[in-house]
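Along the sequence shown, residues carry numbers from 1. None of the values given here were measured: they were computed from a predicted structure.
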Amino acid sequence: EVQLVESGGGLVQAGGSLRLSCATSGFDFDDYAMGWFRQAPGKDREGVSCISNDDGHTHYDDSVKGRFTISSDNAKNMVYLQMNNLKPEDTAVYYCAADRPSIAPMLCQSDLGVDYWGRGTLVTVSS
């Protein structure tokens with residue numbers, strides 16, 4: 001059974017930091033591109049940051065460049081998103097995603113056809 005389980009969301013003040021984690025199982029982690037998407041109320045789900053597990057190549061949406069860092073631990077089948085200098089506009093439900101064949105930039109372009117999703121974790125940034 002494929003599982004992607006996010007954790008680490010919560011309430012934080014603007015300027016603060018959070019670290020999201022995604023624990024995965026049930027698929028060949030090394031063969032997938034992994035990503036973090038988010039969906040704010042009333043908006044479409046968007047790709048925030050993605051990583052290609054085969055070569056470590058990363059991709060970031062312009063809105064988070066310089067503030068967010070994605071990483072993965074292939075030995076533990078984990079993906080992380082370090083979020084610094086959080087802004088109220090970062091408030092959203094954050095989802096972990098896995099897809100193949102894919103590379104980081106392609107995965108982050110669209111949420112259509114993604115192989116696997118987690119259930120999401122809520123991040124709320126107060127002003």
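Between the side chain of D90 and the backbone N or O of V123, no donor-acceptor pair lies under 3.5 Å. Side-chain N or O atoms of N53 include one that pairs as donor or acceptor with a backbone N or O of F29 at under 3.5 Å. A donor-acceptor pair under 3.5 Å links the side-chain atoms of D73 to the main chain of K76, judged by distance alone. Between the side chain of T121 and the main chain of Y94, no donor-acceptor pair closer than 3.5 Å is present. Side-chain atoms of S21 do not come within 3.5 Å of backbone N or O of Y80 as any donor-acceptor pair.
Residue A40 comes nearest to A92 through the heavy atom pair N-CB, 3.8 Å, listed as atom of the first residue, atom of the second, then distance. Considering all non-hydrogen atoms of both residues, L107 and D99 come closest at CD1-CB, 3.7 Å. Nearest approach of A104 to S52, heavy atoms of both residues: N-OG, 2.8 Å. In plain terms, the two heavy atoms of T91 and V125 that are nearest each other are OG1-N, 2.9 Å. For the residue pair S49 and L81, the shortest heavy atom distance occurs at CB-CD1, 4.0 Å. Taking all atoms of both residues into account, the shortest heavy-atom contact from S127 to A14 is CA-CB, 4.4 Å.
Taking 4.0 Å as the cut-off between side-chain N and carboxylate O, K65 and D62 count as a salt-bridged pair. In summary, R119 and E6 do not engage in a salt bridge, as defined by a charged side-chain N under 4.0 Å from a carboxylate O.
Note: C108 SG to E46 CD = 10.0 Å, rounded to the nearest 0.5 Å. Rounded to the nearest 0.5 angstrom, N74 CG and D30 CG are separated by 4.5 Å. Annotation: the span from Q3 atom CD to N77 atom CG amounts to 12.5 Å, rounded to 0.5 Å. Note that CD of Q13 and CG of L86 are 11.5 Å apart. Values are rounded to the nearest 0.5 Å. Of the inter-residue distances, the one linking M83 atom CE with T69 atom OG1 reads 11.0 Å to the nearest 0.5 angstrom. Rounded to the nearest 0.5 Å, atoms CE (M78) and OG (S72) are 10.5 Å apart.
Side-chain contact check for V114 versus R45: every heavy-atom pair is 4.5 Å or farther apart. Counting only heavy atoms from C-beta outward, the side chains of I103 and H57 never approach each other to under 4.5 Å.
Hydrophobic clustering (ILVMFWY, side-chain heavy atoms < 4.5 Å, transitive): W36 and I51 are in one cluster. Hydrophobic cluster membership is shared by V64 and V12, with clusters built from Ile, Leu, Val, Met, Phe, Trp and Tyr side chains linked at under 4.5 angstrom. When the side chains of ILVMFWY residues are joined at heavy-atom separations under 4.5 Å, either directly or via intervening members, Y95 and L122 end up in a single hydrophobic cluster. Grouping the Ile, Leu, Val, Met, Phe, Trp and Tyr side chains by contacts below 4.5 angstrom, directly or via other members, places F68 with M34.
Surrounding CG of D44 are at most 12 heavy atoms belonging to other residues, nucleotides or ligands under 6.0 Å away.
The aromatic rings of F27 and Y32 lie perpendicular to each other, with more than 60° between the two planes, well past the 30° mark. The aromatic rings of W117 and F37 sit perpendicular to each other, their planes meeting at more than 60°, with 30° as the lower class boundary.
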